[in-house]
Protein chains: 2
Amino acid sequence: MFKQLSKHTRQNLKYATVLLFGLVVWFFPVPEGLTSQAWHLFAVFITAIFAVIIESMAIFTASIIALAVVVLTGTLTTQQAYSGFSQGFILLIVVAFLIARGVIKSGLGKRIAFLIIKKFGTSSLKLGYSVVAADMFISPAFPSNTARSGVLFPIVNALAADSGSKVTDGTRKKLGAFLMMTSMAGITLSSTLWLTAMAANPAGAKMAKDVGVDITFGSWALAASVPVLVLFILVPWVIFKVYPPKIKETPEAPRIAQEALEKMGPVHRNEWIMGATFIGMIILWVMSGSWGLDKTAVAFLGLGILMLTNIFTMEDLRGEGDALGTLIWFAILYTLSRYLNEFGFMGWLGDHIAQGVEGYPWPIVYIALVVGYVFIHYFFVSQTAQMLALFSVFLGVAVQSGVPAALMAYMLLFATNFNAVITPQGSSANVIYTGSGYIEPKEVYKVGGVVTLLNTAVFLTVGTAWMMLIL
Amino acid sequence: MFKQLSKHTRQNLKYATVLLFGLVVWFFPVPEGLTSQAWHLFAVFITAIFAVIIESMAIFTASIIALAVVVLTGTLTTQQAYSGFSQGFILLIVVAFLIARGVIKSGLGKRIAFLIIKKFGTSSLKLGYSVVAADMFISPAFPSNTARSGVLFPIVNALAADSGSKVTDGTRKKLGAFLMMTSMAGITLSSTLWLTAMAANPAGAKMAKDVGVDITFGSWALAASVPVLVLFILVPWVIFKVYPPKIKETPEAPRIAQEALEKMGPVHRNEWIMGATFIGMIILWVMSGSWGLDKTAVAFLGLGILMLTNIFTMEDLRGEGDALGTLIWFAILYTLSRYLNEFGFMGWLGDHIAQGVEGYPWPIVYIALVVGYVFIHYFFVSQTAQMLALFSVFLGVAVQSGVPAALMAYMLLFATNFNAVITPQGSSANVIYTGSGYIEPKEVYKVGGVVTLLNTAVFLTVGTAWMMLIL
């Protein structure tokens with residue numbers, strides 16, 4: 001019956017539902033242990049997410065209205081509310097976007113894409129696997145998810161575009177959407193596999209050490225190896241099933257790619273410059289930790305070079321409104337989540353979950369805490385923030401209930417990574433991929449939710465068995 | 001001879017010149033009284049402006065490279081360097097941009113534009129005068145330059161576009177560039193005329209009171225009236241001469257506009273919604289001071305309404321890369337200027353100018369200080385910051401040298417407004433108009449420079465004579 005209503009009426013019904021939802025949560029009695037400020041912020045945040053999930057409005061629209069509401073009601077000060085816009089890693093996302101356009105425009109993206117298609121291009125699924133494998137291979141050198149996405153995204157983007165799957169002409173589902181989603185999910189796996197593949201991992205290892213669990217690069221990789229390998233096989237295949245590309249088999253593709261490469265001829269001036277700039281940026285990104293360089297400034301410098309050499313022009317910039325949209329919605333959701341944490345909401349929620357499981361046998365406590373930790377990422381925009389806020393609380397409760405400390409520590413650190421694809425804002429990588437337009441935010445809630453469930457199930461079964469064997 | 005070189009060689013020569021200029025300033029011995037940090041920041045800032053003035057690179061490119069340099073050399077911390085992005089008034093500029101698009105797209109901009117053309121459209125110069133006159137009329141109610149530009153800009157934009165002068169098809173110079181420049185220059189006059197037409201004016205009046213000069217809404221308007229009237233007549237005409245529109249006389253335009261209006265028929269749904277949203281925003285902007293509302297949040301709310309009603313869509317956002325470019329370059333230049341001030345560079349420069357004039361007869365001191373105050377705005381992005389940094393210093397020196405205190409106080413307050421068009425970043429209004437693409441940043445340095453000279457000359461002659469008569 002709902003389907004029979006006019007589009008307009010359905011839209012208005014959805015707006016009314018969102019408004020009602022928001023008002024109910026806002027005026028709900030504030031739970032004990034929370035300030036009304038924290039509760040109101042939660043009400044706005046959860047309503048924005050609700051609006052996106054029921055497809056009532058775009059994530060951009062939901063975010064800007066949420067921002068207006070928190071400022072105009074005095075829930076956040078203006079200084080708090082706009083603080084997300086000056087976060088370096090968020091600006092990095094925007095610049096990575098623009099640089100990705102340079103990779104495509106220079107022709108370098110096309111060339112790399114054709115080379116990959118030539119080798120692995122007989123089916124969409126194989127392409128998916130090769131993208132994830134490449135990520136696994138480069139990730140130990142990239143302690144920043146965001147920077148790594150900045151490298152992978154333009155290649156995936158070119159792979160999609162050069163296979164005739166574009167956003168602007170409505171063919172995103174032919175191949176691009178599948179590849180983007182797979183690469184995005186793949187990043188959760190590569191980050192889980194290596195201690196050095198995500199910014200917060202070393203900090204987590206340090207926190208584990210404080211409770212007596214010694215984690216090294218090798219022990220981390222060993223513990224993660226078996227479940228990640230299983231997931232590496234499963235995840236692209238599952239996405240292929242639940243979010244299938246319209247093009248499946250492409251036996252002709254390698255030959256066509258070969259011909260296209262021949263037609264492209266030798267590497268052109270713009271490709272050389274783009275390649276050199278890109279490699280220079282990658283070297284500086286990889287070394288940023290030891291040399292004390294700011295990754296965002298490196299990206300700005302790279303973009304500057306692309307502009308001085310006319311590879312990316314002001315004319316190109318004019319068409320990059322998506323990057324602006326991404327900057328705005330992500331900065332806002334990041335800020336709301338950050339202050340939910342600062343106002344004590346996250347701690348309160350973590351405490352409640354922890355209290356709820358006390359007294360049960362340790363395997364039940366273990367499962368409940370891991371599942372709780374994974375799904376609480378719905379409310380977190382930053383993986384680092386979640387780890388800093390909840391790792392110790394959850395680990396402490398688990399140890400008290402008899403869960404082996406090492407097992408729990410590793411699991412929580414892995415979960416910090418493998419839960420990242422649960423929402424479009426769950427990691428910077430998601431933001432970059434979603435911002436391309438190939439994937440709609442609401443699709444991340446569905447497909448990313450399935451992947452997260454799968455990741456969690458494999459880590460709770462195979463992963464736990466493996467860790468109990470080796471730890 | 002320079003003209004004979006290939007475009008490519010000329011471009012590289014210009015890059016080399018900018019690099020050399022930057023290196024010379026950077027490694028120049030640091031003047032006494034300044035930290036090397038302040039001097040290096042100045043070197044980067046002045047080099048970026050130099051690069052824009054000699055047309056070596058776009059203001060966006062110059063800004064992002066400047067940002068990379070100040071961060072990678074450790075001149076600014078990352079937190080300092082990115083702080084501009086979370087300034088509410090800068091975000092307001094971006095949102096005003098998007099809302100302006102909504103005004104056009106809804107058809108409301110077209111209707112208002114045709115109504116204006118019908119009344120005043122027989123020549124481009126008359127249209128210029130009518131735009132400035134409208135601004136003068138509404139400005140006492142707008143204590144924010146930015147918000148006022150947010151109202152004027154979409155109308156000027158529609159006036160240009162509906163007269164067949166657009167950015168994307170290369171016809172910006174037919175009419176749009178002239179109208180934008182005139183309206184931008186007009187805003188300096190309307191802000192000069194009324195105590196309540198610019199955010200910093202009341203603060204300036206307060207500072208004047210501290211040295212015994214009592215300034216009221218009425219006394220301000222009286223003192224400004226004659227020079228502003230003279231400039232109201234001169235400025236559009238001078239811009240018409242130095243920056244002429246290609247279309248000059250349009251005797252047919254009112255009739256065509258009348259026909260177009262008849263063809264448009266009654267006001268449509270989208271125009272009603274846009275009009276109501278716009279008027280609602282204006283009311284909230286005007287009342288923002290007394291009701292304690294944040295102007296940026298109001299704008300976000302307005303944009304949210306336009307998105308919920310499909311007047312501005314995600315598809316429209318995709319084409320708004322210019323707004324992103326504007327956000328980035330303006331946030332960067334604002335930040336550089338802000339820290340030039342915080343690191344003591346501005347105070348040092350002001351002191352030097354003040355010291356240089358001591359001992360001369362008061363009329364010379366008066367002229368030198370006013371001219372110095374006007375041109376120092378080259379380095380300031382915020383009018384308010386300049387006033388807070390220099391008003392008291394300059395006023396103190398003047399009074400010591402025998403300049404009548406009231407005359408000097410009024411002049412400095414007026415100059416804070418009438419010098420605003422000297423650079424593309426000299427006021428938020430400039431940023432909004434320049435960001436449209438109708439005006440190129442380098443053109444502001446030229447035409448804005450001429451207007452600033454004219455403003456200064458009229459205020460030093462007619463204005464000074466008038467004020468000496470009445471004060």
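Model, not experiment: these values are computed from the prediction. Note: hydrogens, waters and symmetry copies are ignored here, and every other heavy atom, side chains too, is used. Below, chain A is the first sequence line, B the second, and so on; all start at residue 1.
For the pair B:Thr335 and B:Ala81, the tightest heavy-atom approach, listed with the atom from each and the gap, is CG2-O, 3.7 Å.
The six-membered or imidazole ring of A:Phe89 lies near that of A:Tyr334, with a centre-to-centre distance under 6.0 Å.
For chain B, the nearby part of A:Ile65 is the side chain; its heavy atoms alone come within less than 4.5 Å. Only the side chain of A:Tyr15 has a heavy atom closer than 4.5 Å to any heavy atom of chain B. Of the two parts of A:Leu327, only the side chain, counted from C-beta on, holds a non-hydrogen atom closer than 4.5 Å to a non-hydrogen atom of chain B. In this structure, chain B has a heavy atom under 4.5 Å from the side chain of A:Val94, while its backbone stays farther away.
With salt bridges taken as basic N to acidic carboxylate O contacts below 4.0 Å, one links B:Lys173 and B:Glu443.
Considering only heavy-atom pairs separated by less than 4.5 Å from chain A, the leading option among B:Gln79, B:Arg318, B:Gln11 is B:Arg318. Interface summary for chain B: among A:Ile328, A:Leu303, A:Thr61, A:Leu308, the most heavy-atom pairs under 4.5 angstrom belong to A:Leu308. Most heavy-atom pairs under 4.5 Å with chain A: of the set B:Val71, B:Thr78, B:Leu293, B:Leu91, this distinction falls to B:Leu91. Interface check for chain A: of the options B:Asn12, B:Leu98, B:Leu67, B:Leu306, the most heavy-atom pairs under 4.5 Å are formed by B:Leu67.
Open room surrounds CZ on B:Arg101; 12 or fewer heavy atoms of other groups in view lie less than 6.0 Å from it.
Distance check, rounded to the nearest 0.5 Å: OG of B:Ser56 to CZ of B:Arg10 gives 12.5 Å.
Exactly one of B:Thr309, B:Asn310, B:Asp316 qualifies for a side chain to side chain donor-acceptor pair (under 3.5 Å) with B:Thr313. That residue is B:Asp316.
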